[in-house]
Each structure stands twice: as structure tokens, then as C-alpha cells.
Amino acid sequence: VAATGQADAGVGLVTLCDAADVTPDMPLRVVVADAAYAVFNLDGQFYATQDQCTHGPGSLAEGFLVGAEIECPFHQGRFDIRTGRATAAPCTQALRIWTVHAIEGRLCIDPAEFRAEEL
Amino acid sequence: VSPQGAVVIVGSGQSGGRAAEALRQGGHNGRITLIGDESHAPYERPALSKEFLSSAAVEKLAWVRPHAWYSEVAITTLHGRRAVGIDRARHVVELDLGTPVEYRTLILTTGARPRQLTVEGADHPLVSYLRTIEDSQELQRRLSPGARIVVIGAGFIGMEVAATAVSRGCAVTVLELAELPMARVIPRQLGDFYADFHRRKGVDLRLATAVSRITDEQGRALVHTDGGAPILADAVVVGIGVIPNVELAQGAGLDTDNGIVVDEYGRTCDPHIYAAGDVTSHFNSLLGRRVRLESWQNAQNQAIAVARNILGAGIPYAEVPWFWSDQYELNLQIAGIPRADDEIVGRGVPGGNGPVLCFHLREGRLVAAIGINSARDVRFGKEIIAMGGSPTATELSDPAVTLASLYAAAKRSAKAA
């Protein structure tokens, strides 16, 4: 499942998708201005990370959520979606993450405001 | 075992590297020595038949850790060195050169080597195997456009090499004894699909064909078969399986049986000696039997499990085996250990637009999920297999029933039980 976001949610913020589009078992890949994001629903709390794994070409939105960890479909390495931190081999480098703002049922981020933890 | 005793790891492939890494990350602050006969730091081998073979670009290689990392964390690497014996009474590993290395705990990650072709002429200089960076580099130099390449064996390595070579403009012939490619693992319907796919890409795939001998023809190889005219080749690549490197363990009197025998903690019959990776015949409690796996997943994760158990974790290693093979734009993934006598249920049409999967049911339980470009569905399948879930053939064959929903159902019934 892929979607294209729109830069219409106010200064700095862009809409990724509707909150209803992301279920706990099915993360969503969203492309905004050539950047691909993976959007997650963890028991009603939403998180956004870069979609591409830091180890290889895997799309994390195609991955499998184990608790708060997303497992990459390519090599089954893992990241904590709340912090971006790599939690299982072969991944070592953290993901970029964005704070998700749920505004009137829509999930928004500020693309310029990302965090990436050091190892 | 004291966590601070010296650990020696023999075998510096992916498993050896991951074991060393997990020991340090797990808090082991004693000496760690990594011994291997290759001249490189530990690396992952999958790219050797694919991205690296295609380009010989070093950035296509995945190193377990950058070379400099080992010295930064005080891991002694003895690359290009061979362990020739284990003196279990004195707790030392003897090397081909230099002083023996003392261990408190020893991990054997000696891997496997390609099975050698035994027909007459198999020692022709253009016959090669694929296991190391150097093997891949040497073959890459021979894969020039128009070159005639003969691949012996239509297993995963053979078919990946065929895909890479034909994509580089080589004229590729694949010779296989069985009636379908990759027939040891994938079911007939997927084997047929892969055979057609390779042929449409230009591979001359000759099934049910035996190689009888190889002769020299003016500096090129001439491959004779039991059917049809002999085939002229600028390179002959043999991919007919691997043999576990058990000799060191055998020489030390450890139990071996198609691999070094270890329990679910990775222990051999000597409490100071563990083993991990391709070389082990290990007990898997999910499968209820011993298995030897030749896979990226097992090389990495069994090594990590062994390291943690050496540090006292006491956690059995039991995962659903998982494997992938990339050929052209097709990503094949396999979870579980499929058997030909399972009930096999298909979903989707190979070559069509939707996802393509085959599920294996044994006594009503899902035991294997095989998918083409369907990584997430295979992943859900892997989880259902681990839980001992029993989705019905009707559900599995219906593309309208998502694997996510079958996974959710399996979770619910596991909770209720």
C-alpha cells in the first residue's frame, strides 16, 4: 500500500495520510516530495520513520511490527519506531524519525524536523 | 564458564563475526580472538552471486563490521590463518603458523565448502566454485558480454549466477540433473514458473541432464552431457551444494553427523566448545529435530544466540528457518522447511499481477510459506508457523483473506489455548 501526501496542513506541516489508513498490523508507505516515510500505528499512537532501512534496500512499511519494533522485510533487522534506534542485527545505524501530529483525523509531520539517534 | 575467560572463535565468516560482536556487546570484557583462513574481515556472502558478481564493486559487499571496528573493541583478528587442531585437554587451538591460542571457551564457525564436481575433467582451469570474495571477483572477470557460461546445478547459487550472467549479456547454459530448478526446496508450480522465467530471459536451461565429462578445446572448456552436443564454455560454474567443514571438530573427537552436533544452546559434547552457522547440525525445538541450515539468517542468529548463552543467557535458539533468493526482479522468500509430500496450497498466479505464494500444510498445520515478491505475507506466514497455527487451505488460497488477518486469528487462538 502506498499513498502520496500533500503539503496542505499549515506552515511546515505536511499531511501523510488519514489516521484510519494505518492499522497496527499494516504500516503505510507514504511519499511526500520524493521522500518516503513509513507510518505506524502502535495501539493508537502514531509514529513516522524514514521508509528505507539503514542497512539495505528494504521498505520498512512492508515490514513486520513486533511490539514497538519494526522488522525489515529484507534481512529482518529491527528498529524501535519510537526512537529510531537499531535493535537487532544486522542493523546498526538509527532511522530518522518524525513526530506525528494527529490533526482532525489526519496524520501530519514537519519534514524538516527529524531526529536520528547516534549509536 | 566465567564470562571473562578468553574466547577463541575459529571461522571468520558471518557467524564468527557476529559471535565476536555479540560477545563484546553483551559485556564480555575478556580476550576475544577471531581466526579465519580468508584474508578479509567477516562479510556476508549473499552479494557474491548477485550484486557483487555483477559489478565487483566493493561497496556492494556487506561487512559484519568495518575493518577498523575489531581493533577498536579489542578483538584480535588472525586473518589468513588456519586452525589445524584443538587440544581439548590443554584448551588450545593449534595454528598452521605461530603459537597455539589458549581458550576458556571455543566457538567453531568453520562454515561449509562447495561440493566438488567429480566427473573426468572437473579440474579444468575454467571450472570454478563460488564461496569467497576472490571466487566472485575471478568469475566476474569472465562474465564479459558474449562469453559462454555453463552453470552446473540449478540450485539457488546456480540460478542466481545464471540470472547475473545473462543480465550481463553472457550466453548461459544451465545443466541440472533434476526435472526442475531449485527442486529440493520449492514446489513444482514455482519451479515451472522459474524455469520459464529464466528461459524467457535467454537462459538455455537443460533439465534432467547429467554432465559426463569436461575436456579442453583450445583453451576453452567443452562440457559433455548425456544428451545433445557438447557445450563450449569460457567459464564453468559449479553449484551442486556444500559440505560442512567438520574436520577440525572431528579431529578433536567432537560428535559430528552431517555437521557438528550441538544442542539448542549451541553446545557441543564438550562444555567448553560451542558451534554456530552452516557447520552445525543443531536441535531446533520448533521443528522437534536436528537440522543443518545453509542460510544468512542462521549464520547470524545462531552465532548471536551462542554468544549470549556463553555469557549466561540460557536461551534456546529456535527460529523458523527463513531464506531468500534474488533472481532478476524476483525476490523469493521461504519460511519454514517445505517437504515435497506436504499438502501444497497456492495463492495467486505466477507471472500475474498479484502476490504469488505457496503454503505447505502438514497434519493441518502451516509448516512453510514460500512467496515471490511477497515479503510481508511470508513474514506473517513465518509467525503463524512459529505459533503452530492451522489456517485452512480455503483461507490460504483466497487472495481476499489477508495473511495479516490469518496471523491475527492465529494469535487469538494461541491466546485462548
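Chain letters run A, B, ... following the sequence lines, proteins first, then strands; residues in each count from 1. Below, each value reflects all heavy atoms present in this structure, side chains not excepted, and no hydrogens, waters or symmetry copies.
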Is B:Glu59 atom CD crowded by more than 12 heavy atoms from other residues, nucleotides or ligands, each under 6.0 Å away? yes
With chain A as the partner, which of B:Arg379, B:Gln297, B:Gln333 has the greatest number of non-hydrogen pairs under 4.5 Å? B:Arg379
pair B:Glu383-A:Val66: side-chain heavy atoms closer than 4.5 Å: no
How far apart are the closest heavy atoms of B:Glu44 and A:Pro90, and which atoms are they? OE2-CB, 4.0 Å
For B:Asp377, which atoms come within 4.5 Å of any heavy atom of chain A: side chain, backbone, both, or neither? neither
So which part of B:Gln14 gets closer than 4.5 Å to some heavy atom of chain A, the side chain, the backbone, both or neither? neither
Do A:Phe64 and B:Val378 have side chains that get closer than 4.5 Å, going by heavy atoms? no
Are A:Pro27 and B:Arg376 packed together at the side-chain level, in the sense that at least one heavy-atom pair is separated by less than 4.5 angstrom? yes
Would you say CZ of B:Arg347 has more than 12 non-hydrogen atoms from neighbouring residues, nucleotides or ligands within 6.0 angstrom? yes
Counting C-beta onward and ignoring hydrogens, is there a side-chain heavy-atom pair between B:Glu319 and A:Gln76 closer than 4.5 Å? no
For B:Lys411 and A:Asp25, which heavy atoms make the closest approach, and how far apart are they? NZ-OD1, 4.3 Å
Hey, is the main chain of B:Ala375 close enough, under 3.5 Å, to the side chain of A:Glu62 for a donor-acceptor pair? no
Any chance you could lay out the side chain to side chain contact (heavy atoms under 4.5 Å, CB included) test for B:Arg65 and A:Thr92, step after step, and finish with the verdict? CA-CA 9 Å; B:Arg65 285 279 182 169; A:Thr92 52; 3.8 Å; yes
Contact part of A:His75 toward chain B, heavy-atom cut-off under 4.5 Å: side chain, backbone, both or neither? both
Among the options A:Gly58, A:Pro73, A:Ala89, pick out the one with the most heavy-atom pairs lying under 4.5 Å from chain B. A:Ala89
Heavy-atom neighbours of B:Glu329 CD exceed 12 at 6.0 Å: yes
